[in-house]
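Take a look at the structure set out below.
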Amino acid sequence: MDWNPHELLDLAADEPPRWLSIEAIRRRAIRRRVTQAGVTGLVAMLVVGLGASLSLGAIKIGAVSTDGTRRAASPPRYYVAQDFNRNAPQDAAVVRARTTGRVTAIVRNPRPGTQCGNYISPASNRTFFMTCQIWRSKPKGPRTKITFLETLVYRFQLTSAGKVTHYSLVKGSTLKGDDASGLAAAPDGSEIAVEVLRPTNGVIYTNTVPTGVFVIDTATGSRAFWHSGPYKPGANQYGGASAMSFTGDGTELVIMEARCLRSRTSVNCPGRDDTQVRAYSPAAGGGSLEKGRVLLNELSPKPAAPQLSNAFISPDGSTLTGTDIVCPKRGTCTLSVAQVSVSTKRVVRVLYQTRTGTPFEGVFLRFFSADPSVRYFILDAGAGKARVNGWIDHGKLVPLHPADGNDASNETW
């Protein structure tokens with residue numbers, strides 16, 4: 001995929017100390033792919049960023065504390081990996097053994113003519129959900145006009161031997177005219193959330209405002225819709241989700257979202273946009289994305305909220321776990337995975353921490369994912385020659401194979 005360097009610079013232009021994750025670029029790449037016919041490759045580019053602040057204090061580094069919720073007894077044996085450079089584009093992803101990296105299965109596109117695996121989200125009992133798209137287009141001047149667009153969500157399971165079985169279309173997940181830009185599943189698999197975009201005059205731009213988020217009951221197919229807006233000129237409003245998650249029973253949908261100035265059809269997030277974590281309850285109720293309960297606001301001075309990224313809610317709703325990069329003006333950067341109390345807005349535990357290099361070495365985060373119990377985490381990040389790709393176990397990073405993670409666009413379990 002051709003990337004306009006000016007566009008990449010625009011993504012971080014005039015930013016204060018801050019960093020941009022590869023997931024943000026990947027989201028834009030997915031949107032662009034829908035506007036261009038015949039594009040089959042994806043070029044990932046890493047943008048240099050400087051970090052936010054995280055007051056560690058006397059915080060314990062180690063395993064997640066017991067909070068009364070049901071936890072996975074041991075880390076999953078397998079994980080699903082998506083690569084930037086797939087040799088077989090008709091395949092969505094591969095399943096790998098956690099301990100050896102051996103490929104045990106390939107996740108196939110379950111329906112001919114679809115492009116699947118842009119988003120894959122786990123649920124309990126080795127169940128996964130993934131998005132598939134069908135789109136057709138025709139040339140229209142310098143751009144490509146979308147003439148047909150449809151998103152579907154499929155469910156599949158892994159056997160105890162890491163094989164893929166039981167592909168099935170989720171009831172109510174056929175979304176005509178919508179392009180998926182995010183996916184999350186409730187830990188028990190009872191609900192999924194799909195963030196969607198809709199073409200404007202047949203085109204989806206990299207800064208198109210998401211239409212909203214569908215919450216779908218996977219048993220009945222019933223749908224609720226959390227819509228962006230109503231549009232208010234001059235106001236900071238919902239500009240897109242960087243992470244979505246549910247509480248254990250699916251009662252609340254929690255979204256880490258950018259809130260920034262927008263027009264009726266596009267977002268404008270230069271400089272420091274207001275990143276917030278909001279809860280929408282009941283998740284199956286639907287409504288406006290302007291009505292969510294604010295759990296964390298990185299611009300709030302009282303108390304000084306930690307500036308997390310890719311944050312996931314715990315099953316009991318008490319904590320948020322996400323990543324943070326701190327880059328001082330001089331010296332090395334620090335990458336942390338931190339757990340924050342929803343009630344106090346304070347960091348209660350640092351699960352993992354490492355030095356990643358100096359700001360001039362290009363700090364980046366490829367992805368951060370959690371298992372359904374929000375106890376086991378996969379992290380792919382680094383700076384300069386340093387590479388971090390593995391799962392977090394009692395304060396240590398256990399490498400996943402291939403350990404450097406250069407080709408991985410996402411890994412989850």
Side-chain angles (χ1 to χ4, degrees), residues 21-23 26 30 41-42 44 72-110 115-132 153-168 183-185 187 189 243 310 312 323 337 351-352 354 364-382 386-394 396-413:
S21 74
I22 194 64
E23 176 62 20
R26 181 173 178 267
I30 290 169
L42 173 62
S74 59
R77 295 176 59 192
Y78 305 97
Y79 66 97
V80 176
Q82 298 157 276
D83 295 340
F84 285 119
N85 302 308
R86 295 292 302 149
N87 293 324
Q90 72 274 13
D91 300 330
V94 298
V95 180
R96 292 183 180 273
R98 169 177 51 83
T99 55
T100 65
R102 179 176 62 90
V103 174
T104 60
I106 295 176
V107 182
R108 305 290 186 183
N109 290 350
Q115 180 176 334
C116 299
N118 285 338
Y119 295 95
I120 298 179
S121 185
S124 57
N125 298 320
R126 297 190 297 270
T127 300
F128 292 83
F129 296 85
M130 72 174 174
T131 59
C132 296
V153 180
Y154 279 84
R155 177 196 291 111
F156 65 91
Q157 287 187 298
L158 301 185
T159 67
S160 59
K163 303 300 181 182
V164 177
T165 185
H166 300 311
Y167 291 104
S168 61
L183 176 69
N310 299 76
F312 298 95
T323 56
V337 174
L351 306 180
Y352 174 73
T354 185
F364 65 90
L365 171 68
R366 279 198 178 97
F367 52 82
F368 176 69
S369 60
D371 78 315
S373 74
V374 194
R375 181 180 180 183
Y376 300 104
F377 305 96
I378 297 178
L379 176 67
D380 190 312
R387 292 290 183 269
V388 174
N389 183 48
W391 68 281
I392 298 168
D393 182 22
H394 293 83
K396 298 180 180 179
L397 191 82
V398 180
L400 288 172
H401 302 282
D404 63 2
N406 280 328
D407 289 335
S409 65
N410 195 29
E411 295 167 339
T412 190
W413 50 20

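Computed from heavy atoms alone, side chains included, the values below leave out hydrogens, waters and symmetry copies.
Residues that satisfy the ring-ring contact (aromatic ring centres under 6.0 Å, His included) test with Tyr78, not counting sequence neighbours, are absent from this structure. In terms of the side chain to side chain contact (heavy atoms under 4.5 Å, CB included) criterion, residue partners of Ser168 (sequence neighbours excluded) are, by chain and number, Arg155. Qualifying side chain to side chain contact (heavy atoms under 4.5 Å, CB included) partners for Arg102, counting only residues two or more places apart in sequence or in other chains: Thr100, Thr104.
Pro122 places a side-chain heavy atom less than 4.5 Å from the side chain of Pro372. Two residues are said to be in side-chain contact when any heavy atoms from C-beta on lie closer than 4.5 Å; Leu397 and Ile392 meet this criterion. Within the 4.5 Å cutoff, side-chain heavy atoms of Tyr167 are placed close to those of Met130. The side-chain heavy atoms of Asn410 and Ile120, taken from C-beta on, include no pair separated by under 4.5 Å. Counting heavy atoms from C-beta outward, Cys116 and Arg108 have side chains that stay 4.5 Å or more apart. A heavy-atom distance below 4.5 Å is not found between the side chains of Tyr352 and Asp393.
How far OG1 of Thr131 is from CG of Asn118: 5.0 Å, rounded to the nearest 0.5 Å. In this structure, NE2 in His401 is found 7.5 Å from OG1 in Thr99, a value given to the nearest 0.5 Å. Rounding to the nearest 0.5 angstrom, the gap separating the CD1 atom in Ile378 from the CZ atom in Arg98 is 10.0 Å. Rounding to the nearest 0.5 Å gives a distance of 11.0 Å between CG of Leu351 and CG of Leu379. The line from CZ of Arg96 to CH2 of Trp413 is 14.0 Å long, rounded to the nearest 0.5 Å.
Side-chain contact of Ser373 with Asp371: a donor-acceptor pair under 3.5 Å is present, judged by distance alone. With no hydrogens or angles considered, a side-chain donor-acceptor pair links Gln157 and Thr127 at under 3.5 Å.
Relative ring orientation between Trp391 and Tyr376 is described as perpendicular, the plane-to-plane angle rising above 60° on a 0-90° scale split at 30° and 60°. Below 30°, between 30° and 60°, or above 60°: for Phe377 and Phe368 the angle between ring planes is below 30°, a parallel geometry.
Under a 3.5 Å cut-off, the side chain of Ser369 and the backbone N or O of Glu411 do form a donor-acceptor pair.
Val95 and Gly162 make their closest contact through CG1-O, 3.7 Å (heavy atoms, listed as atom of the first residue, atom of the second, distance). Closest approach of Val164 to Ile106, counting heavy atoms only: CG2-O, 4.1 Å. The two residues Gly189 and Phe129 make their nearest non-hydrogen contact at O-CZ, 3.9 Å.
The side chain to side chain contact (heavy atoms under 4.5 Å, CB included) test with Tyr79 is passed by exactly one of Leu158, Thr412, Leu400: Leu400.
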